[in-house]
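Computed from a predicted structure; not experimentally measured. Numbers restart at 1 for each chain; the letters A, B, ... are given by sequence-line order, proteins then strands. Scope of the values below: all heavy atoms of this structure, side chains included, with no hydrogens, waters or symmetry mates.
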2 protein chains.
Amino acid sequence: MATLKDIADAVGVSIGTVDRILHKRGRYSEKTAEKVRKAMEELQYTPNIHARGLKKTKQHRFASLIPLEEQDSGYWKLLADGIRRASAELGSYGSTVDLIFFDRYSSDSCSRALQGALDSGVEGLLIAAVRPDDMKRQLQDAGIPYLFVDSDIPELTERCSYIGQDSFQSGYLSGKLMHLLLGRGSYPSRVLMIEPPGSNYHLKQRMAGFRSYMESTAPGVELERMKEDLDEEKSFHSCLESCLENRRSLPDGIFVANSSVYYAASYLKKKGEDYSRIPLIGYDLIPGMESYISEGIIDFILTQQPELQGYQGMITLYEYLVLNKEVQKEVFVPLNIITRENLRTFET
Amino acid sequence: MATLKDIADAVGVSIGTVDRILHKRGRYSEKTAEKVRKAMEELQYTPNIHARGLKKTKQHRFASLIPLEEQDSGYWKLLADGIRRASAELGSYGSTVDLIFFDRYSSDSCSRALQGALDSGVEGLLIAAVRPDDMKRQLQDAGIPYLFVDSDIPELTERCSYIGQDSFQSGYLSGKLMHLLLGRGSYPSRVLMIEPPGSNYHLKQRMAGFRSYMESTAPGVELERMKEDLDEEKSFHSCLESCLENRRSLPDGIFVANSSVYYAASYLKKKGEDYSRIPLIGYDLIPGMESYISEGIIDFILTQQPELQGYQGMITLYEYLVLNKEVQKEVFVPLNIITRENLRTFET
DNA sequence: CTACAATGCGTTATCGATAACGCAAATAAT
DNA sequence: ATTATTTGCGTTATCGATAACGCATTGTAG
């Protein structure tokens, strides 16, 4: 591997000059710059990351801002784990990461946490933008760069990137899988769509995607919609119970637009065989989900690898701010389909 | 972040002593060692990767040994791309990677390539063990560490790791998806299983997994088996043609155990609507596959992210040999299910 | 024509970990 | 008791990139 010194020797100048040219810091003639660039090309100069990183060691500080780990059935713990993994890695590169949590159902908690983060003097923020309206105001004139994960606020064009899901498409995909589970040609069938609490952009998009698939491809399928109000198992159970009691027969399939599918599964299991075999599709591989999948109560889980989102998000922020890498404005993570037969390969 | 110097100052010794204790290089008393270890704990010492890497810059050389990129419909190019990505990354850490290719249908080509790699003086080898018998002999007393990707030879216990697929399980999963596509209750149906040429362990496992699912779960499904002999489009087409002509009716589903599903798709497309709508399941997202998926000719593609396998494999080898990290003996990559509706999220 | 800035380039300390080297003091061997 | 050897520890050059500093030379303003 060629070093700065190799280039300098080849051209007949000093490393200082080469470095100035490399970083366009002025104080050189265009003539030597041309020669240097040619030599770099020929000798295939690659900067030594270690040397660069070592020299540039100056306590970088970042923070992440996501909902409380236990909210949404533990979904945010997965994201937090990814952030922690990135944090450990960045630690040995001389940076620190603060994890800040807020109550996603409280405007107050959210804005206080965000304000605290903005005032804490960190160099960059990783934000799960689950409260777009609250956050938008505060971020308008944020002095520091930020990156969104999980949920986006596209209007904030200064955000350095968004890493997350294509939620409409994931709903659409759920629709297809449900359609397959119903069995072709067994019309008419009735499917129950459950919209969990804390309705945000992504939930609505998933619902819309699901509906869109059914309307365009499976006209014989009738959709019923149910809205949950509390992110809690008991409440979910009773709500589902009253909904199912009011019907003539059991639905032919149930779709839950987030990880609350966990509650639906525990309900169906409790109610026995007839209920358990209703096709059930939902989101996110949170702890405890595995058993319902391997028992076959949950047929498909879609996931957008929250752990990876957290990890990637933090690493991207670092690369953007410290290494000056270019980053994509929008990164959609792969939509994974998890079912009984490939579940094991997704466990860490 | 605490540095060696911080630890040294805290204990009242020099950094040389701390370093010797850290690396157990002798020349210290157990008494100071104890104090140092305590200080490291308290001050949360994390070695600075950059400083370490910089000091240890000494041209590490590795090589990879995989089949020719165009074989198996271009499957190996994906793996090679992953290795190249790792190579670029490791380059800036001062290491080089040679990519060596061999003809996977020639024992001679394989053993010459392997011998060349072993004699080239590299520090570690990444090997796609697609010719277990040939390779086993040569690797018995290989002087250098090696790691397998894609295909394994579990008997060689000195291999530092294996990164790849659980092929039986992936066949089993294919079986489930095929079952869904057939539509529940539409028995009896007949499914054609195609075993591509170059029959190896993984192909056979996939076939076995598929058959196992059907036998255990879908007794009404009748399986027919067809064996291909040449890895070539024309030959595949004529073989498939003669097979389909000898039947009373079209099969209700087709399963191809590797990326040759590409040839099957091009055949079905050519033959028009009746053929195109036959459920078709296969493997690997090779270039050109996308269009058949989005047209709906291929219903499901399973993939074990060959690009990731190549990348991960090379990085793991590096971590094992250079950073002395512990590595898992066996890593199964996630089994991804790709279909029309999530295809886009898997394109890079 | 002097002052003084701007240009072009070389020199050097620095980041943190590593490991070779050197020097005492303690212990062992003769 | 004297020479070897071992033990315990400090000192220092090194890896490559960075950027501050310094010193000429050229250009420009008063």
Note to self: Starting the side chain at C-beta, find the nucleotide from dC15(C), dG16(C), dC9(D) nearest to T17(B).
What the structure shows: dC9(D)
Check: What is the distance from CG of D6(A) to P of dC15(D), rounded to the nearest Å?
Finding: 12 Å
Review item, nucleotides 5-7 of chain D N/O atoms under 3.5 Å of protein N/O:
none

Checklist line | Rounded distance (Å) that lies between atom C1' of dC15(C) and atom CG of N48(A) | finding: 13 Å
Notebook entry, point to check: Under 3.5 Å, is there a donor-acceptor pair between the N48(B) and Y93(A) side chains?
Noted result: no
Margin query: Quick one: does any side-chain atom of K77(A) pair with a main-chain N or O of P287(A) as donor and acceptor, under 3.5 Å?
Written below: no
Margin query: Using a 3.5 Å distance criterion without hydrogens, assess whether the side chain of Q304(A) forms a donor-acceptor pair with backbone atoms of Q165(A).
Written below: no
Next item on the list: Please report, rounded to the nearest Å, how far the C1' atom of dT18(D) is from the CD1 atom of I49(A).
Entry: 14 Å
Check: So what does H50(A) touch, heavy atoms closer than 4.0 Å: a base, only the sugar-phosphate, or nothing?
Finding: nothing
Item checked: Nucleotide nearest R25(A) when distance is taken to its side chain, options dT18(D), dA19(D), dT18(C) -> dA19(D)
Notebook entry, point to check: What nucleotide among dG16(D), dG10(C), dT18(C) has an atom nearest to a side-chain atom of V13(A)?
Noted result: dG10(C)
Item checked: R84(B) with E89(B): basic N within carboxylate O range, under 4.0 Å -> no
Notebook entry, point to check: Between I15(B) (CD1) and dT14(C) (C1'), how many Å, whole number?
Noted result: 14 Å
Next item on the list: Could you state the atom-to-atom distance from NZ of K55(A) to P of dT18(D) in whole Å?
Entry: 9 Å
Checklist line | Pi-cation contact, Y311(B) with R85(B) (under 6.0 Å, within 45°) | finding: yes
Next item on the list: Between dG16(D), dA17(D), dG10(D), spot the one nearest the side chain of L54(A), thanks.
Entry: dG16(D)
Notebook entry, point to check: Can you find a side chain N or O atom of R52(A) that sits less than 4.0 Å from OP1 or OP2 on dT18(D)?
Noted result: yes
Check: With a 4.0 Å cut-off on heavy atoms, is D19(B) in touch with a base, just the backbone sugar-phosphate, or nothing at all?
Finding: base
Margin query: With heavy-atom distances below 4.5 Å as the criterion, would you say the side chains of Y320(B) and S161(B) are in contact?
Written below: no
Checklist line | L4(A) side chain, from C-beta outward: closest of dA17(D), dC15(D), dA17(C) | finding: dA17(D)
Next item on the list: Rounded off to whole Å, could you give me the CD1-to-C1' distance for the I7(A) and dA17(D) pair?
Entry: 13 Å
Next item on the list: Give a yes or no on whether the backbone of D6(B) and the side-chain of D9(B) come within a donor-acceptor separation of less than 3.5 Å.
Entry: no
Checklist line | Length of the line joining K24(B):NZ and dG8(D):P, which is rounded to integer Å | finding: 16 Å
Checklist line | Ring centre gap for F148(B) and Y146(B) strictly below 6.0 Å | finding: yes
Item checked: Phosphate-side-chain proximity, H23(A) and dT18(D), N/O vs OP1/OP2 below 4.0 Å -> yes
Check: Which of the following nucleotides, dC9(C), dT18(D), dA19(C), is nearest to the side chain of K56(B)?
Finding: dA19(C)
Notebook entry, point to check: When only distance counts, do a donor and an acceptor, one from the side chain of R20(A) and one from the base of dA19(D), lie under 3.5 Å apart?
Noted result: no
Notebook entry, point to check: Nearest of dT14(D), dA17(D), dG16(C) to any side-chain atom of A51(A)?
Noted result: dA17(D)
Notebook entry, point to check: Just how far, in rounded Å, is P of dA19(D) from CG of L22(A)?
Noted result: 10 Å
Check: From the list dC9(C), dA17(C), dA17(D), which nucleotide is the closest neighbour of the side chain of Y45(A)?
Finding: dA17(D)
